[in-house]
Each structure stands twice: as C-alpha cells, then as structure tokens.
Amino acid sequence: MKIVFLGPPGAGKGTQAVRVCTHMGVPQISTGVILRRAMQEGTETGAKAKAFVDAGQLVPDELVIAIVAERLQESDCANGCILDGFPRTVAQAEALEKFASLDAVVNIAVADEELVARLSGRRVCPSCGGTYHIALDDTADCKACGTALVQRDDDKPETVLNRLSVYHGQTKPLIDFYGARGLLKTIDGSQTPDACFADIIRALEADG
Ligand code: AP5
Ligand code: MG
C-alpha cells in the first residue's frame, strides 16, 4: 500500500509513521527527515533547503518532488511505503499523481493549541531520529542508542508559529483535494499515541 500521512506540524505523523511502517513492513519516507539529513551532511540539496527549513517555510516544490520521485524508485518501496509530510501543496499532490497511485491518505487532526505544546516539548535523537516528548517520556538520552537528545532548530516558538500558518495556507487544502478523490481517512490525533495507532490501523484495514 502507498499511504500519505497528512497533518499539521506536531500532529504525530512521524510518531505514527514509524509504528505503522513496522506493522506493515514498508519504509517511511519523510521529506523532513531527508531534508534535515541533507542539511547535516552539507549536500547541495541541503544547502538549497536550509534557509526555508530554518524559517519554517516550505522548500520549493521542484526540490521535494524530485527527492520523492527518486526515492520511490528504490527497491524497498516495491510493496508500498508511507509518505510522511509529502505532499504538502496542491502542486506536489498533482505531481505525485503522475508517478504514484495512492491507496489512502491518513489525515491526523489536532488543534493548534495542542500542536504548540507538542512541538515545544519535543526532543529528538540526532543520531537515530528517535522522537520523544518531555510530558510523555522525560529522558535526557535516546532509549534506543543512548545519544543525548536535542531540540529541533525549527521547534523554536517563532518558527513553530510560521509552520502552523504555512500549514493552514498551503497544506490544509489537501484535505479537500484527497476528500474529493475518496482517499481521505481522518483520525483524531489528540488521543494517546496508542489510541491513534489503533484508529489508523482500523481505518486502513477497513479498506480490505
Ligand atoms: P517535517 O519534519 O515534516 O515537519 P512537520 O510537518 O512540521 O511535522 P513534524 O515532524 O514537526 O511533526 P510530526 O507530525 O511528525 O509529529 P511528531 O510525531 O514528531 O518538515 C520540516 C520542514 O521540512 C518543513 O517545515 C519544511 O521546511 C520542510 N519540508 C518537509 N517536507 C516538505 C514538503 N513536502 N514540501 C516542502 N517542504 C517540506 O510528534 C510531535 C511531538 O508530539 C513529539 O514530541 C511526539 O513525541 C509528541 N506526540 C506525538 N503523538 C502524540 C500524541 N498522540 N499525544 C501526545 N504527544 C504526542
Ligand atoms: Mg515529523
């Protein structure tokens, strides 16, 4: 199955994608993770993306479309994948239709006030990408690899507000875009991570 995880920043796309990918045995393709890795490694893509990511703006469509089109050709995507955070604009969604056919779009819905709390309390592992929240699991080190956790640069308060406004202006229209195609499954993302996971699996399995 090829599935898109749609939702505002901090909705839990990454948290749920990791779990659902393990459950389904397919890879997680997160454009945010790919871009941050490219920035860390100082590649040409990373250099092009940096100013946008740091400001909480979207990276230009052409750049992310090319990244995803190339990634989907790798052999581990043969049985499907979860696209986490792509597409995020109508132009990206239209481009995706030309090179992939989707089975479902999971929309993880969470109110803005809750998102600010989630993003400001998020801690990530710079080594393996593990994601934590101080209110759920207040550990200083990654439980998987022992590396000291850090805060993501774009989780600073002023950048978080930009990201939310970019979501409302540019990404939210995809709810109607995929609703019109009969692909949308909206999940209440304000529940516990376990309850969200159960709802997502139920919604995907209801497809048969
Ligand atoms: P990206 O990395 O995709 O960031 P995002 O969409 O802003 O989403 P996040 O990763 O911040 O949140 P999430 O939904 O994954 O939540 P998480 O599971 O971590 O993109 C970053 C940047 O890259 C963009 O701003 C843009 O510049 C660029 N970019 C990426 N894709 C692009 C594209 N397609 N086009 C253009 N530019 C692109 O959870 C958040 C926190 O909440 C964690 O602490 C977690 O532990 C906690 N949490 C999770 N679930 C729950 C729950 N149920 N209850 C309580 N806490 C929870
Ligand atoms: Mg994420």
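In this text the structure is predicted, and so the values were computed from the model without any measurement. Remember, it's 1-based here, ligands and their atoms both numbered in the order they're listed.
Among protein heavy atoms, atom 19 (O) of ligand 1 sits closest to Arg122 NH1, 2.6 Å. Summary of contacts: the protein heavy atom closest to atom 49 (C) of ligand 1 is Thr15 OG1, 3.4 Å. Protein heavy atom closest to atom 3 (O) of ligand 1, with residue, atom name and distance, is Arg88 NH2, 2.5 Å. When only non-hydrogen protein atoms are considered, atom 31 (N) of ligand 1 lies nearest to Thr31 OG1, 2.7 Å. For atom 50 (N) of ligand 1, the nearest non-hydrogen atom of the protein is Arg118 NH1, 3.7 Å. Nearest protein heavy-atom contact of atom 29 (N) of ligand 1 is Leu35 CD1, 3.5 Å. Looking from atom 7 (O) of ligand 1 to the surrounding protein, the closest heavy atom is Arg163 NH2, 2.7 Å. In this structure, atom 13 (P) of ligand 1 lies nearest to the protein heavy atom Lys13 N, 3.5 Å.
With respect to the salt-bridge test (charged N to carboxylate O, under 4.0 angstrom), the residues Glu44 and Lys48 qualify. We find that Lys143 and Asp137 are joined by a salt bridge, their nearest charged nitrogen and carboxylate oxygen being less than 4.0 Å apart. The residues Asp155 and Arg118 are annotated as not salt-bridged, no charged nitrogen and carboxylate oxygen being separated by less than 4.0 angstrom.
Listed for the Glu94 side chain is no donor-acceptor partner under 3.5 Å among the backbone atoms of Ala91.
Within the 4.5 Å cutoff, the side chain of Arg163 has no heavy atoms near those of the Leu115 side chain. Contact annotation: the side chain of Thr147 never approaches that of Cys128 to less than 4.5 Å [non-hydrogen atoms, C-beta and beyond]. In this structure, the side chains of Val53 and Met39 come closer than 4.5 Å at one or more pairs of heavy atoms. Annotation: side chain of Pro27 is not in contact with side chain of Cys21 (no heavy-atom distance under 4.5 Å). Between Glu97 and Arg181 there is a side-chain heavy-atom pair separated by less than 4.5 Å.
The residue Val166 has no part lying near ligand 1, judged by heavy-atom distances below 4.0 Å. By the criterion of a heavy-atom distance under 4.0 Å, the backbone of Thr192, and not its side chain, is placed next to ligand 1. Contacts between Tyr167 and ligand 1 below 4.0 angstrom, taking non-hydrogen atoms only, are absent altogether. In Val53, the parts holding a heavy atom less than 4.0 Å from any atom of ligand 1 are both the side chain and the backbone. Residue contacts with ligand 1, taken as heavy atom pairs separated by less than 4.0 Å, involve Gln191 solely via the backbone atoms N, CA, C and O.
In the vicinity of Arg152, heavy-atom distances shorter than 4.0 Å reach the ligand 1 atoms 1 (P), 2 (O), 4 (O), 9 (P), 10 (O), 11 (O), 21 (C). Residue-ligand proximity, Gly14 to ligand 1, at heavy-atom distances under 4.0 Å covers atoms 13 (P), 15 (O), 18 (O). The contact set between ligand 1 and Thr131, taken as ligand atoms under 4.0 Å from a residue heavy atom, comprises 19 (O), 43 (C). Near Gln57, the atoms of ligand 1 lying under 4.0 angstrom from a non-hydrogen atom of the residue are 26 (C), 27 (O). Within ligand 1, the atoms closer than 4.0 Å to a non-hydrogen atom of Leu119 are 11 (O), numbered from 1 in the order shown. Using a 4.0 Å cut-off to heavy atoms of Gln92, the atoms of ligand 1 that qualify are 33 (C), 34 (N), 35 (N), 36 (C). Contact atoms of ligand 1 toward Val64: 33 (C), 35 (N) (distance under 4.0 Å to a heavy atom of the residue). Here is the list of ligand 1 atoms found below 4.0 Å of a heavy atom in Tyr132: 43 (C), 44 (O), 46 (O).
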Note to self: Could you go through Asp76 and Arg71, starting from their C-alpha distance and side-chain angles, then the distance that decides it, and tell me whether this counts as salt bridge (charged side-chain N to carboxylate O under 4.0 Å, His left out)?
What the structure shows: CA-CA 9 Å; Asp76 62 336; Arg71 179 68 184 83; 2.8 Å; yes
Note to self: Is there a salt bridge (charged side-chain N to carboxylate O under 4.0 Å, His left out) between Arg19 and Asp194? Walk through the geometry before answering.
What the structure shows: CA-CA 10 Å; Arg19 297 176 68 158; Asp194 284 350; 2.8 Å; yes
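Residue contacts with ligand 1 include Gly10, since one of its heavy atoms falls under 4.0 Å from the ligand. In this structure, Ala11 is part of the shell of residues with a heavy atom less than 4.0 angstrom from ligand 1. Residue contact check for ligand 1: Gly7 places no non-hydrogen atom closer than 4.0 Å to it.
Going from atom OG1 of Thr159 over to atom CD of Gln57 covers 10.0 Å, rounded to the nearest 0.5 Å.
For ligand 1, the polar-atom distance check against Arg36 finds a nitrogen or oxygen pair separated by under 3.5 Å. For the pair Val59 and ligand 1, the shortest N or O to N or O distance falls below 3.5 Å. For the pair Gly85 and ligand 1, the shortest N or O to N or O distance falls below 3.5 Å.
Looking at Asp138 and His133, their side chains never bring a donor and an acceptor atom within 3.5 Å of each other.
When the side chains of ILVMFWY residues are joined at heavy-atom separations under 4.5 Å, either directly or via intervening members, Val160 and Val110 end up in a single hydrophobic cluster. With hydrophobic clusters built from ILVMFWY side chains whose heavy atoms lie under 4.5 angstrom apart, Leu58 does not share a cluster with Phe177.
In terms of heavy-atom proximity, Ile3 sits nearest to Met24 at CD1-CE, 3.7 Å.
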